[in-house]
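Below you'll find the structure, written out as structure tokens, and then a few comments.
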Amino acid sequence: MTPISPNPYEAPKASFEPIFSAQNPLEEEPCWREGNILIASVDARLPPRCVKCNKPATMDSPRAFMWHHPGWYALIPLVVYMVVCLFVRKRAVLVLGLCDEHRRRRRNSSVGAHVLGALGMIALFGAFGLSKLWLAFPAGVLLLISTVLAVTGPRLLQPVRITEHEIRLKGCGSAFLDSLPEY
């Protein structure tokens, strides 16, 4: 502890030594599993391993996960759903690790979705521009496939529940989950 300065207007001084506690972001927060669900505190730092195959991985930038109770889907027919979800959703930010192979798969599915979407739009405009309506069906199929690929392909983990203290995610690989303690 530093001695009290005789100057009351002097800026306070703090120690720059790391303090290892549960509140310190430099220290890995504990995470555990419950069956096939990953559970971590909302401010946790996951281990530097791929969440799919448990190989050593480079950590991504922080990723935000959002969740709301599934009961709110009853409002889907209404435009009110979009407004209500802005207020009732919970949010947590985690840093996930991915190995090169899974990072490449994620990037390729994202690129594939964009390419198929562009081809579908070109085919759709071509079908109506050339008055060849039979071409509209394959264009619609391409657009549907690109939409499904865009929604499901790049997704790594899916939040099951977020509370004020913890986040529960599904979609981790079994090797990663096996390396975590059981809840």
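In this text the structure is predicted, and so the values were computed from the model without any measurement.
Between the side chain of Arg103 and the main chain of Ala57, no donor-acceptor pair closer than 3.5 Å is present. A donor-acceptor pair under 3.5 Å is absent between the side-chain atoms of Trp67 and the main chain of Arg89, judged by distance alone. A donor-acceptor distance shorter than 3.5 angstrom exists from the side chain of Lys52 to the backbone of Gly171, with no hydrogens or angles considered.
Residues Val42 and Thr163 approach most closely at CG1-O, 3.6 Å, considering heavy atoms.
The side-chain contact (heavy atoms from CB on, under 4.5 Å) check on Ser110 picks up His114, Pro154, with sequence neighbours excluded.
Within a 6.0 Å radius of CZ in Arg161, no more than 12 heavy atoms belonging to other residues, nucleotides or ligands are found. Heavy atoms of other residues, nucleotides or ligands lying less than 6.0 angstrom from CD of Glu164 number 12 at most.
Other members of the hydrophobic cluster containing Trp134, listed by chain and number, are Leu135; membership follows side-chain contacts under 4.5 Å among ILVMFWY residues, whether direct or relayed.
Here Asp100 does not pair with Lys55 in a salt bridge; the nearest charged N to carboxylate O distance is not below 4.0 Å. We find that Glu34 and Arg168 are joined by a salt bridge, their nearest charged nitrogen and carboxylate oxygen being less than 4.0 Å apart.
At a threshold of 4.5 Å between non-hydrogen side-chain atoms, the residues Thr58 and Leu98 do not count as touching.
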Exercise for the section: Would you sort out whether Cys50 and His102 count as a side-chain contact (heavy atoms from CB on, under 4.5 Å), showing the intermediate values? Expected result: CA-CA 8 Å; Cys50 180; His102 285 101; 3.5 Å; yes
